[in-house]
Novice: 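Just passing along the structure, written as structure tokens.
These values consider heavy atoms only, across backbone and side chains, with no hydrogens, waters or symmetry-generated copies. Counting begins at 1 with the first residue of the sequence. Bear in mind that the values here come from a model prediction, so they are computed numbers and not experimental data.
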Amino acid sequence: MSGDILYEVNDGIGRHHLQSPQARNAFTFRMYEQLAEMCQQAENDSSVKVLLLTGAGEKAFAAGTDISEFKSFSTPEDALNYESRIERVLTALEKSRLPRLPRLPECALAAVSRLPVAATFA
């Protein structure tokens, strides 16, 4: 399904696969919440030994937040709530007990984003 994150566990690898290549895998607010839920699920699953984060398509790993999400903002609190959500989700990923490996397309290697930085490069 477009705009979602698929999660599966096989052979000790928890795979998070971003599913919106038409938007360069930009995160909707729903996708941030899915990532948080999936990370918690992986943390609680002793069979998971590593997390692999991938994105659909060849153009981008994750382009950040889908800017169309900001259309709904009408108050300064909306912006603060957004920042709080991002901080909560990415901090949970960074503090995971599990090694986190992003699978970046070649074109994304020079890009700076907190999501791949939150991963552990091995």
Novice: List in chain and number order the residues that pass side chain to side chain donor-acceptor pair (under 3.5 Å) with Ser84, two or more places apart in sequence or in another chain; answer none if no residue qualifies.
Specialist: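 Listed in chain order: nothing, the list is empty.
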
Novice: With sequence neighbours left out, what residues match Asp45 under side chain to side chain donor-acceptor pair (under 3.5 Å)?
Specialist: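 Expected list: Ser47.
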
Novice: As an exercise, state the distance from CE of Met31 to CD of Glu69, rounded to the nearest 0.5 Å.
Specialist: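 Atom-to-atom, Met31:CE and Glu69:CD are 10.0 Å apart.
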
Novice: Within the distance-only criterion (no hydrogens, no angle test), does the side chain of Gln19 pair as donor or acceptor with the backbone N or O of Leu6 below 3.5 angstrom?
Specialist: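 No: the side chain of Gln19 does not pair with the backbone of Leu6.
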
Novice: Phe61 and Pro102: which non-hydrogen atoms are nearest, and at how many Å?
Specialist: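 Heavy atoms of Phe61 and Pro102 come nearest at CZ-CB, 4.0 Å.
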
Novice: I need the full list of salt bridge (charged side-chain N to carboxylate O under 4.0 Å, His left out) pairs touching residues 32-42, with sequence neighbours left out, sorted by first then second residue.
Specialist: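 Applying salt bridge (charged side-chain N to carboxylate O under 4.0 Å, His left out) to every pair that reaches into residues 32-42, excluding sequence neighbours, yields Glu33-Arg85, Glu33-Arg88.
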
Novice: Check step by step if side chain to side chain contact (heavy atoms under 4.5 Å, CB included) holds for Val48 and Leu98.
Specialist: CA-CA 8 Å; Val48 178; Leu98 300 163; 3.8 Å; yes

Novice: Identify whether the distance between the nearest side-chain nitrogen and carboxylate oxygen of Asp4 and Arg30 falls below 4.0 Å.
Specialist: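 Between Arg30 and Asp4 there is a salt bridge, with a charged N closer than 4.0 Å to a carboxylate O.
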
Novice: Examine distances only and state if a side-chain atom of Ser20 and a backbone atom of Ala23 form a donor-acceptor pair shorter than 3.5 Å.
Specialist: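 Looks like no, no N/O pair under 3.5 Å.
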
Novice: Hey, what do you get for CD (Glu94) to SG (Cys39), rounding to the nearest 0.5 Å?
Specialist: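 Glu94 atom CD to Cys39 atom SG measures 11.0 Å (nearest 0.5 Å).
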
Novice: Quick one: list whatever passes ring pair (Phe, Tyr, Trp, His ring centres under 6.0 Å) with Tyr32, sequence neighbours left out.
Specialist: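 Only Phe27 meet the ring pair (Phe, Tyr, Trp, His ring centres under 6.0 Å) criterion with Tyr32.
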
Novice: Does Ile13 have any side-chain contact (heavy atoms from CB on, under 4.5 Å) partners at least two apart in sequence or in another chain, and if so, which?
Specialist: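 In terms of side-chain contact (heavy atoms from CB on, under 4.5 Å), with neighbours along the sequence ignored, Ile13 is linked to Arg15, Val50, Leu52.
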
Novice: Check step by step if side chain to side chain contact (heavy atoms under 4.5 Å, CB included) holds for Leu53 and Arg103.
Specialist: CA-CA 6 Å; Leu53 292 89; Arg103 185 174 155 257; over 6 Å; no

Novice: Please identify which of these residues, Thr54, Ile5, Leu18, meets the side chain to side chain contact (heavy atoms under 4.5 Å, CB included) condition with Asn25.
Specialist: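 Running side chain to side chain contact (heavy atoms under 4.5 Å, CB included) over Thr54, Ile5, Leu18 with Asn25 returns exactly one hit, Leu18.
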
Novice: Can you establish whether the number of heavy atoms outside Leu80 located under 6.0 Å from its atom CG is more than 12?
Specialist: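 Yes.
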
Novice: Apply the test side chain to side chain contact (heavy atoms under 4.5 Å, CB included) to residues Tyr82 and Thr65: give CA-CA distance (whole Å), side-chain angles for both, the deciding distance (0.1 Å), then the verdict.
Specialist: CA-CA 10 Å; Tyr82 161 75; Thr65 300; 2.7 Å; yes

Novice: Under the side chain to side chain donor-acceptor pair (under 3.5 Å) test, which residues partner Asn44, sequence neighbours left out?
Specialist: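 Scan of Asn44 (side chain to side chain donor-acceptor pair (under 3.5 Å), adjacent residues dropped) gives Gln40.
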
Novice: Starting from the C-alpha separation in whole Å, work towards a yes-or-no answer on side chain to side chain contact (heavy atoms under 4.5 Å, CB included) for Gln34 and Met38.
Specialist: CA-CA 6 Å; Gln34 286 180 314; Met38 291 170 185; 4.2 Å; yes

Novice: I need the Leu101 CG to Leu51 CG distance, nearest 0.5 Å.
Specialist: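 With rounding to 0.5 Å, CG (Leu101) is 8.5 Å from CG (Leu51).
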
Novice: Quick check: do Pro21 and Lys59 have side-chain heavy atoms less than 4.5 Å from each other?
Specialist: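 Pro21 does not reach Lys59 side chain to side chain.
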
Novice: Once you measure the plane-to-plane angle for Phe29 and Phe73, does it fall in the parallel (<30°), tilted (30-60°) or perpendicular (>60°) bin?
Specialist: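 Aromatic pair Phe29/Phe73 classed parallel.
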
